[in-house]
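The structure appears below as C-alpha coordinates.
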Amino acid sequence: MKGSFSEKKRIILHVDMDHFFSAIEERENPNYKRKPVIVGADPREGKGRGVVKTCNYEAREFDIHSGMPISKAWRLCPNAIYVRANYRLYKKVSAEIMKILRNYSEKFQPWGFDEAFLNISSQVQDFDEAIELAVNIKHEILWNERLTCSVGIAPNKLVAKIACDFNKPDGLTVVIDNEVEKFLAPLSVRKMLWIGEKTENKLNEIGIKTIGDLAGYDVSVLIEKFGVMGARYHQWAHGIYKSEVGGRRRIRKSIGHESTFMANVNDQDLIYKKLENICQKVYERIIRRKLLFKTVTVKIRYGNFQTYTHGKTLLFFSNRLQDLQKTAQKLAQGFLCNNEKIRLIGVRVSTLKSSKGQRSLV
DNA sequence: TCTGGGGTCCTAGGACCC
DNA sequence: TCTGGGGTCCTAGGACCC
(Lines give C-alpha, C1' and ligand atoms only; values in the text may rest on other atoms or scores of the structure.)
Protein backbone atom coordinates (compact mmCIF):
# COMPACT_ATOMS: atom_id res chain seq x y z
CA MET A 1 0.00 0.00 0.00
CA LYS A 2 1.34 3.39 -0.91
CA GLY A 3 1.63 6.05 1.79
CA SER A 4 0.41 5.33 5.26
CA PHE A 5 -2.52 6.11 7.50
CA SER A 6 -0.34 8.20 9.78
CA GLU A 7 0.68 10.47 6.90
CA LYS A 8 -1.40 13.56 7.59
CA LYS A 9 -2.46 15.67 4.66
CA ARG A 10 -0.81 19.06 4.62
CA ILE A 11 -2.85 22.24 4.61
CA ILE A 12 -0.84 25.25 3.45
CA LEU A 13 -1.96 28.84 3.41
CA HIS A 14 -0.49 31.64 1.32
CA VAL A 15 -1.19 35.23 2.30
CA ASP A 16 -0.52 38.08 -0.12
CA MET A 17 -1.18 41.72 0.74
CA ASP A 18 -3.19 43.54 -1.93
CA HIS A 19 -1.08 46.11 -3.85
CA PHE A 20 0.87 46.54 -0.63
CA PHE A 21 2.86 49.74 -1.15
CA SER A 22 0.08 51.77 -2.74
CA ALA A 23 -2.42 50.45 -0.17
CA ILE A 24 -0.20 51.81 2.61
CA GLU A 25 0.08 55.16 0.82
CA GLU A 26 -3.72 55.30 0.54
CA ARG A 27 -4.09 54.48 4.19
CA GLU A 28 -1.67 57.24 5.20
CA ASN A 29 -3.22 59.80 2.84
CA PRO A 30 -7.01 59.57 2.91
CA ASN A 31 -7.26 62.06 0.05
CA TYR A 32 -5.69 59.44 -2.26
CA LYS A 33 -8.81 57.29 -1.89
CA ARG A 34 -10.50 56.30 -5.17
CA LYS A 35 -7.74 57.94 -7.20
CA PRO A 36 -5.06 56.12 -9.21
CA VAL A 37 -1.95 55.84 -7.01
CA ILE A 38 1.39 54.74 -8.47
CA VAL A 39 4.40 53.96 -6.28
CA GLY A 40 7.72 53.87 -8.08
CA ALA A 41 10.36 55.98 -9.80
CA ASP A 42 10.03 59.74 -10.28
CA PRO A 43 8.14 60.18 -13.58
CA ARG A 44 9.86 63.54 -14.23
CA GLU A 45 7.07 64.66 -16.56
CA GLY A 46 7.39 61.49 -18.61
CA LYS A 47 11.18 61.68 -18.90
CA GLY A 48 11.89 59.69 -15.76
CA ARG A 49 13.76 56.39 -15.69
CA GLY A 50 12.81 53.37 -13.67
CA VAL A 51 9.59 51.45 -13.27
CA VAL A 52 6.28 51.22 -11.45
CA LYS A 53 6.70 49.27 -8.20
CA THR A 54 3.03 48.88 -7.30
CA CYS A 55 -0.16 50.63 -8.22
CA ASN A 56 -3.69 50.43 -6.91
CA TYR A 57 -6.69 49.06 -8.78
CA GLU A 58 -7.77 52.51 -9.95
CA ALA A 59 -4.42 52.84 -11.75
CA ARG A 60 -4.79 49.34 -13.18
CA GLU A 61 -7.91 50.59 -14.95
CA PHE A 62 -5.47 52.56 -17.13
CA ASP A 63 -3.56 49.33 -17.98
CA ILE A 64 -0.77 50.30 -15.63
CA HIS A 65 0.97 47.45 -13.82
CA SER A 66 4.09 46.86 -11.75
CA GLY A 67 7.29 46.60 -13.74
CA MET A 68 6.06 49.00 -16.40
CA PRO A 69 8.43 51.86 -17.34
CA ILE A 70 7.36 54.91 -15.35
CA SER A 71 7.50 57.01 -18.53
CA LYS A 72 4.87 54.78 -20.10
CA ALA A 73 2.68 55.00 -17.00
CA TRP A 74 2.92 58.78 -17.29
CA ARG A 75 1.67 58.68 -20.86
CA LEU A 76 -1.22 56.42 -19.87
CA CYS A 77 -2.22 58.44 -16.84
CA PRO A 78 -0.43 61.75 -16.23
CA ASN A 79 -2.97 62.75 -13.60
CA ALA A 80 -2.32 59.80 -11.31
CA ILE A 81 -0.77 60.37 -7.90
CA TYR A 82 2.92 59.44 -8.23
CA VAL A 83 4.71 58.54 -5.00
CA ARG A 84 8.35 57.56 -4.29
CA ALA A 85 8.63 54.32 -2.34
CA ASN A 86 8.94 54.83 1.42
CA TYR A 87 10.66 51.57 2.33
CA ARG A 88 11.16 52.47 5.97
CA LEU A 89 7.40 52.72 6.42
CA TYR A 90 6.63 49.61 4.37
CA LYS A 91 9.16 47.62 6.34
CA LYS A 92 7.54 48.66 9.59
CA VAL A 93 4.07 47.70 8.39
CA SER A 94 5.45 44.45 6.98
CA ALA A 95 6.93 43.58 10.38
CA GLU A 96 3.56 44.15 12.07
CA ILE A 97 1.78 41.91 9.59
CA MET A 98 4.39 39.16 9.85
CA LYS A 99 3.99 39.31 13.63
CA ILE A 100 0.26 38.69 13.25
CA LEU A 101 0.79 35.80 10.83
CA ARG A 102 3.49 34.16 12.91
CA ASN A 103 0.95 33.82 15.72
CA TYR A 104 -1.15 31.46 13.63
CA SER A 105 1.56 28.85 13.12
CA GLU A 106 5.21 28.40 14.01
CA LYS A 107 5.63 26.87 10.55
CA PHE A 108 5.81 30.24 8.90
CA GLN A 109 7.84 31.58 5.98
CA PRO A 110 7.87 35.19 4.78
CA TRP A 111 8.13 35.58 1.00
CA GLY A 112 9.27 39.08 0.31
CA PHE A 113 7.79 42.11 2.07
CA ASP A 114 4.14 41.34 1.63
CA GLU A 115 3.63 37.60 1.28
CA ALA A 116 4.00 34.59 3.54
CA PHE A 117 3.33 30.87 3.72
CA LEU A 118 1.84 29.14 6.77
CA ASN A 119 1.61 25.41 7.37
CA ILE A 120 -1.58 25.09 9.43
CA SER A 121 -1.88 21.28 9.30
CA SER A 122 -1.51 21.07 13.09
CA GLN A 123 -3.91 23.93 13.74
CA VAL A 124 -6.92 22.67 11.78
CA GLN A 125 -8.65 19.36 11.10
CA ASP A 126 -9.85 20.01 7.57
CA PHE A 127 -10.28 22.62 4.85
CA ASP A 128 -13.46 24.01 6.45
CA GLU A 129 -11.52 24.89 9.56
CA ALA A 130 -8.74 26.26 7.37
CA ILE A 131 -11.20 28.67 5.79
CA GLU A 132 -12.32 29.82 9.24
CA LEU A 133 -8.72 30.44 10.20
CA ALA A 134 -8.04 32.33 6.97
CA VAL A 135 -11.07 34.56 7.59
CA ASN A 136 -9.75 35.29 11.08
CA ILE A 137 -6.37 36.25 9.63
CA LYS A 138 -7.97 38.57 7.10
CA HIS A 139 -10.06 40.22 9.83
CA GLU A 140 -7.14 40.64 12.18
CA ILE A 141 -4.97 42.28 9.51
CA LEU A 142 -7.81 44.56 8.43
CA TRP A 143 -8.65 45.48 12.03
CA ASN A 144 -5.07 46.16 13.07
CA GLU A 145 -3.55 47.56 9.90
CA ARG A 146 -6.52 48.72 7.84
CA LEU A 147 -5.19 46.72 4.87
CA THR A 148 -6.72 43.88 2.87
CA CYS A 149 -5.04 40.71 1.73
CA SER A 150 -5.82 37.68 -0.39
CA VAL A 151 -5.42 34.10 0.77
CA GLY A 152 -4.93 30.78 -0.99
CA ILE A 153 -5.42 27.45 0.77
CA ALA A 154 -4.12 24.20 -0.75
CA PRO A 155 -2.19 21.01 0.02
CA ASN A 156 1.16 22.62 -0.87
CA LYS A 157 2.96 25.95 -1.27
CA LEU A 158 2.87 26.05 -5.05
CA VAL A 159 -0.88 25.52 -5.36
CA ALA A 160 -1.60 27.80 -2.39
CA LYS A 161 0.32 30.60 -4.08
CA ILE A 162 -1.40 30.10 -7.43
CA ALA A 163 -4.77 29.90 -5.65
CA CYS A 164 -4.06 33.14 -3.80
CA ASP A 165 -3.36 34.91 -7.07
CA PHE A 166 -6.57 33.46 -8.56
CA ASN A 167 -8.87 35.87 -6.78
CA LYS A 168 -7.58 39.33 -5.87
CA PRO A 169 -8.03 41.70 -4.16
CA ASP A 170 -9.50 40.64 -0.82
CA GLY A 171 -9.96 37.09 -2.12
CA LEU A 172 -10.01 33.67 -0.52
CA THR A 173 -9.49 30.62 -2.73
CA VAL A 174 -9.46 27.02 -1.56
CA VAL A 175 -8.19 24.06 -3.59
CA ILE A 176 -8.72 20.72 -1.86
CA ASP A 177 -6.51 17.69 -2.49
CA ASN A 178 -8.46 15.91 -5.21
CA GLU A 179 -9.22 19.09 -7.11
CA VAL A 180 -5.66 20.29 -7.52
CA GLU A 181 -5.10 19.06 -11.07
CA LYS A 182 -8.54 20.17 -12.20
CA PHE A 183 -7.85 23.64 -10.80
CA LEU A 184 -4.42 23.98 -12.42
CA ALA A 185 -5.20 22.48 -15.84
CA PRO A 186 -6.90 25.46 -17.55
CA LEU A 187 -4.47 28.07 -16.20
CA SER A 188 -1.74 29.56 -18.38
CA VAL A 189 1.73 28.07 -17.76
CA ARG A 190 2.73 31.60 -16.86
CA LYS A 191 0.75 31.26 -13.61
CA MET A 192 3.22 28.58 -12.52
CA LEU A 193 5.91 29.65 -10.10
CA TRP A 194 9.37 29.85 -11.74
CA ILE A 195 7.93 30.02 -15.26
CA GLY A 196 8.54 33.52 -16.54
CA GLU A 197 8.35 35.16 -19.95
CA LYS A 198 11.27 33.27 -21.54
CA THR A 199 10.20 29.82 -20.43
CA GLU A 200 6.60 30.56 -21.33
CA ASN A 201 7.68 31.40 -24.88
CA LYS A 202 9.75 28.22 -25.15
CA LEU A 203 6.83 26.15 -23.89
CA ASN A 204 4.43 27.86 -26.30
CA GLU A 205 6.76 26.95 -29.16
CA ILE A 206 6.19 23.26 -28.50
CA GLY A 207 2.46 23.73 -28.15
CA ILE A 208 2.23 24.00 -24.38
CA LYS A 209 -0.07 26.84 -23.38
CA THR A 210 -1.80 25.69 -20.20
CA ILE A 211 -0.63 23.89 -17.09
CA GLY A 212 -2.83 21.00 -18.26
CA ASP A 213 -0.87 20.84 -21.54
CA LEU A 214 2.34 20.74 -19.49
CA ALA A 215 1.04 17.94 -17.26
CA GLY A 216 0.07 15.87 -20.29
CA TYR A 217 3.36 16.37 -22.13
CA ASP A 218 6.00 13.66 -22.56
CA VAL A 219 8.33 14.22 -19.62
CA SER A 220 11.38 12.90 -21.49
CA VAL A 221 10.99 15.63 -24.10
CA LEU A 222 10.68 18.24 -21.33
CA ILE A 223 13.91 16.96 -19.77
CA GLU A 224 15.62 17.04 -23.16
CA LYS A 225 14.60 20.69 -23.66
CA PHE A 226 14.80 22.07 -20.10
CA GLY A 227 17.17 19.74 -18.25
CA VAL A 228 16.36 19.03 -14.63
CA MET A 229 13.88 21.90 -14.64
CA GLY A 230 11.82 20.06 -17.26
CA ALA A 231 11.17 17.21 -14.85
CA ARG A 232 10.23 19.67 -12.13
CA TYR A 233 7.81 21.62 -14.34
CA HIS A 234 6.10 18.34 -15.17
CA GLN A 235 5.73 17.38 -11.51
CA TRP A 236 4.50 20.83 -10.53
CA ALA A 237 1.96 20.79 -13.36
CA HIS A 238 0.49 17.71 -11.68
CA GLY A 239 0.27 19.70 -8.46
CA ILE A 240 3.15 17.87 -6.80
CA TYR A 241 5.36 20.21 -4.78
CA LYS A 242 7.20 18.89 -1.74
CA SER A 243 8.92 22.02 -0.43
CA GLU A 244 8.27 22.58 3.28
CA VAL A 245 7.17 25.90 4.74
CA GLY A 246 10.32 27.49 6.12
CA GLY A 247 12.15 24.33 5.05
CA ARG A 248 15.64 25.58 4.38
CA ARG A 249 17.16 28.21 6.62
CA ARG A 250 18.15 31.10 4.46
CA ILE A 251 21.69 32.34 4.74
CA ARG A 252 22.58 35.50 2.89
CA LYS A 253 24.71 34.65 -0.13
CA SER A 254 25.50 38.11 -1.47
CA ILE A 255 25.11 41.81 -0.86
CA GLY A 256 25.03 44.34 -3.65
CA HIS A 257 24.00 47.77 -4.74
CA GLU A 258 23.43 49.20 -8.19
CA SER A 259 22.33 52.47 -9.65
CA THR A 260 21.00 53.74 -12.95
CA PHE A 261 22.26 57.12 -14.18
CA MET A 262 19.69 59.81 -14.95
CA ALA A 263 21.13 59.86 -18.48
CA ASN A 264 23.64 57.49 -20.07
CA VAL A 265 27.22 58.60 -19.43
CA ASN A 266 30.76 57.96 -20.64
CA ASP A 267 32.44 60.52 -18.39
CA GLN A 268 34.96 58.30 -16.60
CA ASP A 269 35.35 60.60 -13.59
CA LEU A 270 31.62 60.50 -13.04
CA ILE A 271 31.47 56.72 -13.43
CA TYR A 272 34.35 56.06 -11.05
CA LYS A 273 32.87 58.47 -8.53
CA LYS A 274 29.57 56.60 -8.67
CA LEU A 275 31.43 53.30 -8.33
CA GLU A 276 33.24 54.55 -5.24
CA ASN A 277 29.93 55.65 -3.82
CA ILE A 278 28.33 52.27 -4.43
CA CYS A 279 31.29 50.46 -2.86
CA GLN A 280 30.90 52.65 0.22
CA LYS A 281 27.24 51.63 0.53
CA VAL A 282 28.02 47.92 0.14
CA TYR A 283 30.87 48.27 2.62
CA GLU A 284 28.58 49.82 5.24
CA ARG A 285 26.17 46.93 4.96
CA ILE A 286 29.01 44.41 5.23
CA ILE A 287 30.23 46.04 8.42
CA ARG A 288 26.74 46.37 9.89
CA ARG A 289 26.13 42.67 9.36
CA LYS A 290 29.60 41.73 10.61
CA LEU A 291 30.55 39.91 7.41
CA LEU A 292 33.65 39.20 5.38
CA PHE A 293 33.59 38.89 1.59
CA LYS A 294 35.88 37.10 -0.84
CA THR A 295 34.31 37.72 -4.27
CA VAL A 296 33.62 41.10 -5.85
CA THR A 297 31.49 41.44 -8.98
CA VAL A 298 30.98 44.59 -11.03
CA LYS A 299 27.96 44.90 -13.27
CA ILE A 300 27.63 47.27 -16.19
CA ARG A 301 24.63 48.00 -18.36
CA TYR A 302 25.36 49.86 -21.56
CA GLY A 303 22.99 52.32 -23.19
CA ASN A 304 21.63 49.56 -25.43
CA PHE A 305 20.68 47.58 -22.31
CA GLN A 306 23.33 44.93 -22.91
CA THR A 307 24.40 43.88 -19.43
CA TYR A 308 27.69 42.28 -18.38
CA THR A 309 29.50 41.27 -15.21
CA HIS A 310 33.12 40.83 -14.28
CA GLY A 311 34.02 39.12 -11.04
CA LYS A 312 37.16 38.42 -9.04
CA THR A 313 37.66 36.16 -6.08
CA LEU A 314 40.32 37.40 -3.71
CA LEU A 315 42.86 35.06 -2.15
CA PHE A 316 41.54 36.01 1.30
CA PHE A 317 38.38 37.11 3.10
CA SER A 318 38.15 40.84 3.69
CA ASN A 319 35.96 43.55 5.14
CA ARG A 320 38.14 46.47 4.08
CA LEU A 321 36.76 49.28 1.99
CA GLN A 322 40.03 49.64 0.09
CA ASP A 323 39.99 45.99 -1.01
CA LEU A 324 36.45 46.43 -2.27
CA GLN A 325 37.12 49.70 -4.06
CA LYS A 326 40.42 48.66 -5.61
CA THR A 327 39.01 45.38 -6.89
CA ALA A 328 35.84 47.00 -8.19
CA GLN A 329 37.83 49.68 -9.95
CA LYS A 330 40.08 47.17 -11.68
CA LEU A 331 37.07 45.14 -12.79
CA ALA A 332 35.29 48.24 -14.08
CA GLN A 333 38.34 49.27 -16.13
CA GLY A 334 37.72 46.30 -18.39
CA PHE A 335 34.34 47.74 -19.31
CA LEU A 336 35.27 51.38 -19.73
CA CYS A 337 38.11 51.16 -22.25
CA ASN A 338 35.79 51.52 -25.26
CA ASN A 339 34.26 54.83 -24.14
CA GLU A 340 30.76 53.46 -24.69
CA LYS A 341 27.95 55.13 -22.81
CA ILE A 342 26.80 53.43 -19.64
CA ARG A 343 23.31 53.23 -18.21
CA LEU A 344 23.89 51.40 -14.93
CA ILE A 345 26.73 50.38 -12.70
CA GLY A 346 26.60 48.02 -9.71
CA VAL A 347 28.77 46.14 -7.24
CA ARG A 348 28.00 42.88 -5.43
CA VAL A 349 30.07 40.92 -2.93
CA SER A 350 29.64 37.18 -2.41
CA THR A 351 31.37 34.18 -0.84
CA LEU A 352 30.50 35.64 2.54
CA LYS A 353 31.28 34.52 6.05
CA SER A 354 30.77 35.96 9.49
CA SER A 355 33.53 38.15 10.89
CA LYS A 356 32.42 37.49 14.47
CA GLY A 357 35.24 36.23 16.62
CA GLN A 358 37.82 37.49 14.14
CA ARG A 359 39.94 40.54 14.55
CA SER A 360 38.68 43.12 12.12
CA LEU A 361 41.00 43.90 9.27
CA VAL A 362 42.11 47.49 9.15
C1' DT B 1 7.87 51.91 -25.78
C1' DC B 2 11.73 51.39 -22.82
C1' DT B 3 13.03 48.39 -19.47
C1' DG B 4 14.70 49.47 -10.95
C1' DG B 5 17.02 47.28 -7.38
C1' DG B 6 17.26 43.75 -4.06
C1' DG B 7 18.28 39.00 -4.35
C1' DT B 8 18.58 33.36 -5.52
C1' DC B 9 19.53 29.38 -8.23
C1' DC B 10 21.13 26.93 -12.40
C1' DT B 11 24.32 25.95 -16.29
C1' DA B 12 28.51 25.39 -18.53
C1' DG B 13 33.32 25.67 -19.49
C1' DG B 14 38.04 25.85 -17.82
C1' DA B 15 41.69 25.23 -14.33
C1' DC B 16 43.60 22.37 -11.16
C1' DC B 17 44.23 18.42 -8.04
C1' DC B 18 44.40 13.52 -7.01
C1' DT C 1 54.05 8.48 -26.86
C1' DC C 2 49.28 9.68 -24.78
C1' DT C 3 45.81 10.02 -21.48
C1' DG C 4 40.63 8.55 -17.43
C1' DG C 5 37.47 10.27 -14.25
C1' DG C 6 35.85 12.55 -10.13
C1' DG C 7 35.69 16.65 -7.34
C1' DT C 8 36.06 21.53 -6.35
C1' DC C 9 36.64 26.27 -7.33
C1' DC C 10 36.24 30.22 -10.37
C1' DT C 11 33.96 32.97 -13.93
C1' DA C 12 30.10 34.62 -16.88
C1' DG C 13 25.58 34.60 -18.21
C1' DG C 14 20.65 33.73 -17.87
C1' DA C 15 16.13 33.18 -15.76
C1' DC C 16 13.30 34.06 -12.14
C1' DC C 17 11.26 36.04 -7.73
C1' DC C 18 9.24 40.33 -5.09
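Scope of the values below: all heavy atoms of this structure, side chains included, with no hydrogens, waters or symmetry mates. Model, not experiment: these values are computed from the prediction.
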So is Lys91(A) actually on top of Phe113(A)'s ring, under 6.0 Å and inside 45° of the axis?
no
Is NZ or CZ of Lys353(A) both nearer than 6.0 Å to the six-membered ring centre of Phe317(A) and within 45° of the ring axis?
yes
Atom-to-atom span, [atom1] of [X] to [atom2] of [N] - whole angstrom:
{"X": "Leu352(A)", "N": "dT8(B)", "atom1": "CG", "atom2": "C1'", "value": "13 Å"}
{"X": "Met192(A)", "N": "dC16(C)", "atom1": "CE", "atom2": "P", "value": "13 Å"}
{"X": "His14(A)", "N": "dC17(C)", "atom1": "NE2", "atom2": "P", "value": "13 Å"}
{"X": "Ile300(A)", "N": "dT11(C)", "atom1": "CD1", "atom2": "P", "value": "18 Å"}
{"X": "Phe261(A)", "N": "dT3(B)", "atom1": "CZ", "atom2": "P", "value": "15 Å"}
{"X": "Arg348(A)", "N": "dG6(B)", "atom1": "CZ", "atom2": "P", "value": "7 Å"}
{"X": "Asp114(A)", "N": "dG6(B)", "atom1": "CG", "atom2": "C1'", "value": "14 Å"}
{"X": "Glu197(A)", "N": "dG14(C)", "atom1": "CD", "atom2": "P", "value": "15 Å"}

Cationic N near anionic O, under 4.0 Å, Glu26(A) to Lys33(A):
yes
Is DNA chain C part of any stem, that is, at least 3 consecutive Watson-Crick or G-U pairs with both distances under 3.5 Å, and where?
B:5-18 with C:5-18
Between [X] and [N], is there a contact of a side-chain N or O with OP1 or OP2 at under 4.0 Å?
{"X": "His257(A)", "N": "dG6(B)", "value": "yes"}
{"X": "Lys253(A)", "N": "dC9(B)", "value": "yes"}
{"X": "Thr307(A)", "N": "dG13(C)", "value": "no"}
{"X": "His310(A)", "N": "dA12(C)", "value": "yes"}
{"X": "Lys294(A)", "N": "dC10(C)", "value": "yes"}
{"X": "Thr313(A)", "N": "dT11(C)", "value": "yes"}
{"X": "Arg75(A)", "N": "dC2(B)", "value": "yes"}
{"X": "Ser71(A)", "N": "dC2(B)", "value": "no"}
{"X": "Arg252(A)", "N": "dT8(B)", "value": "no"}
{"X": "Thr260(A)", "N": "dG5(B)", "value": "yes"}

Quick one: label [X] by what it contacts on the DNA or RNA (base, sugar-phosphate, nothing), any heavy atom closer than 4.0 Å.
{"X": "Ser66(A)", "value": "nothing"}
{"X": "Ile255(A)", "value": "sugar-phosphate"}
{"X": "Gly303(A)", "value": "nothing"}
{"X": "Arg190(A)", "value": "nothing"}

Strand-adjacent residues in residues 198-233 of chain A, judged by heavy atoms under 4.0 Å from DNA chain C
Lys198(A), Thr199(A)
Measure centre to centre between the rings of [X] and [Y], then say whether the value is under 6.0 Å.
{"X": "Tyr233(A)", "Y": "Tyr217(A)", "answer": "no"}
{"X": "Tyr82(A)", "Y": "Trp74(A)", "answer": "yes"}
{"X": "His19(A)", "Y": "Tyr57(A)", "answer": "yes"}

Hey, which sits more toward the 5' end of DNA chain B by its nearest nucleotide, Asn304(A) or Gly256(A)?
Asn304(A)
Taking the minimum atom-to-atom distance to the side chain of [X], which one of [options] wins?
{"X": "Glu258(A)", "options": "dT3(B), dG6(B), dG13(C)", "value": "dG6(B)"}
{"X": "Lys161(A)", "options": "dT8(B), dG6(B), dC17(C)", "value": "dC17(C)"}
{"X": "Lys312(A)", "options": "dG5(B), dT3(B), dT11(C)", "value": "dT11(C)"}

Flag for [Y]-[X]: side-chain donor and acceptor within less than 3.5 Å:
{"X": "Tyr104(A)", "Y": "Glu140(A)", "value": "yes"}
{"X": "Gln325(A)", "Y": "Tyr272(A)", "value": "no"}
{"X": "Lys157(A)", "Y": "Gln109(A)", "value": "yes"}
{"X": "Asp18(A)", "Y": "Thr148(A)", "value": "yes"}

Which one of Thr297(A), Thr351(A), Thr327(A), Thr295(A) satisfies the side-chain hydrogen bond (donor to acceptor under 3.5 Å, both in side chains) criterion with Thr313(A)?
Thr295(A)
Taking syn as within 90° of 0 and anti otherwise, name the glycosidic form of dC2(C).
anti
Can Phe113(A) be called stacked on dC18(C) when the rule is centres closer than 5.5 Å and an angle between planes below 30°?
no
Describe, in one word, how the ring planes of Phe335(A) and Tyr308(A) are oriented to each other, choosing from parallel (under 30°), tilted (30 to 60°) and perpendicular (over 60°).
tilted
Can you check the distance between dC17(C) and dT1(B), where both ends of the measurement are the C1' atom (answer in whole Å)?
24 Å
